[in-house]
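Starting from 1, each residue takes its place in the sequence as its number.
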Amino acid sequence: MTGLRLHPFTLLAIAGALPALAWILPAPVGGAWTAAVALALTLTPGASPGNTGIGSSPDRRPGFVVFRTAVLTATPFWLFLLLLHDVPTTIAIGLRITTMVASFVWLVAALEPPRLVEAMIAAGWSASVAYLLAATLSAVPGLKTRAQRIVEAQRCRGLSPRGGIPARLRALRALALPLILSALHEVDERALALETRGLVPGVRRTPLAPPPDPVLERAARWALLLACLAALVRRLIVASPT
């Protein structure tokens, strides 16, 4: 079963349970196990680079693009930790941070915001809360796609983002201002669109195509919650003095 076929709540449960277990389980074994699982999820067919806005490469498998994004995002944290701590502490904290980063990158790649909105509305959540969560998940991919378009447009105008530090700063200014202005303009457009569609507090909406939520997935979500609670209780009991 791919990530796109799973219920959005199941994807959220997996992405939340892995970081929780990474910090609860003893280091470094617990962090290594959760990091391996999280990185393996980025290679699943459900992790589509098209949802992340990172694009794809013809010589790489789509899953590897998401895996590469997770690794490249987690690498600077390892460098900073190595400057601040010794090697055992760096490994312990780095594996946990890698789990968090890989889980979030996989979640953004595998979870479609429209399906999340439909699932939350079907479960009785407020449409405003559902839209806020979905907009948060789609914000980074949207900004990255818009930034790539601005860079291409600036290159057509003769602006080169390469060169020395002064040239890069000028290119950054030419990129940041249009990006911020376009994001602010999109906020107005979205607010008007939501008001036109009657998205106001206190009004219950009817989901058009709610994703199916099998009993097996609901049981799996409860099992993840119980596993986290059991690991936390065991950790507290072991850590408490006898």
Original post:
Between the side chain of Ser103 and the main-chain N/O of Met100, is any donor-acceptor distance below 3.5 Å?
Top reply: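 Not confirmed, Ser103 side chain does not pair with Met100 backbone.
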
How close do [X] and [Y] get, heavy atom to heavy atom, and via which atoms?
X	Y	value
Ala22	Thr34	CB-OG1, 3.2 Å
Pro212	Pro214	O-CD, 3.4 Å
Val101	Ala74	CG1-N, 4.1 Å
Leu21	Ala227	CD2-O, 4.2 Å
Val71	Thr75	O-OG1, 2.6 Å
Leu25	Ala231	CD2-CB, 4.1 Å

Hey, what do you get for [atom1] ([X]) to [atom2] ([Y]), rounding to the nearest 0.5 Å?
X	Y	atom1	atom2	value
Ile14	Glu217	CD1	CD	8.5 Å
Ile97	Thr73	CD1	OG1	12.5 Å
Thr90	Leu82	OG1	CG	5.0 Å
Thr44	Trp106	OG1	CH2	7.0 Å
Thr10	Arg221	OG1	CZ	4.0 Å
Ile91	Arg96	CD1	CZ	12.5 Å

**OP:** Assess whether atom CZ of Arg218 is packed by more than 12 heavy atoms of other residues, nucleotides or ligands within 6.0 Å.
**Re:**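 Atom CZ in Arg218 is crowded, with more than 12 foreign heavy atoms closer than 6.0 Å.
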
Original post:
Apart from Leu216 itself, which Ile, Leu, Val, Met, Phe, Trp or Tyr residues share its cluster (side-chain heavy atoms under 4.5 Å, direct or through members)?
Top reply: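 Answer for Leu216: none, a lone residue.
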
Check for me, please, whether [X] and [Y] land in the same ILVMFWY cluster - side-chain distances under 4.5 Å, paths through other members count.
X	Y	value
Trp125	Leu116	yes
Val66	Phe77	yes
Val37	Leu95	no
Leu79	Leu84	no

Original post:
Is there side-chain contact between Trp23 and Thr99, with heavy atoms separated by less than 4.5 Å?
Top reply: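 Side-chain contact under 4.5 Å: no.
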
Subject >> Modelled atom types, side-chain donor and acceptor of Thr98 and Trp78, under 3.5 Å >> reply: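 Side chains of Thr98 and Trp78: pair found under 3.5 Å.
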
Subject >> Residue among Asp213, Leu111, Leu107, Val117 satisfying side chain to side chain contact (heavy atoms under 4.5 Å, CB included) with Pro8 >> reply: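 The passing option is Leu111.
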
Subject >> Results of ring pair (Phe, Tyr, Trp, His ring centres under 6.0 Å) for Phe9 - residues two or more places apart only >> reply: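 Checked Phe9 against ring pair (Phe, Tyr, Trp, His ring centres under 6.0 Å); matches are His7.
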
Original post:
What residues, two or more places apart in sequence or in another chain, satisfy side-chain contact (heavy atoms from CB on, under 4.5 Å) together with Ile180?
Top reply: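 Only Leu184 meet the side-chain contact (heavy atoms from CB on, under 4.5 Å) criterion with Ile180.
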
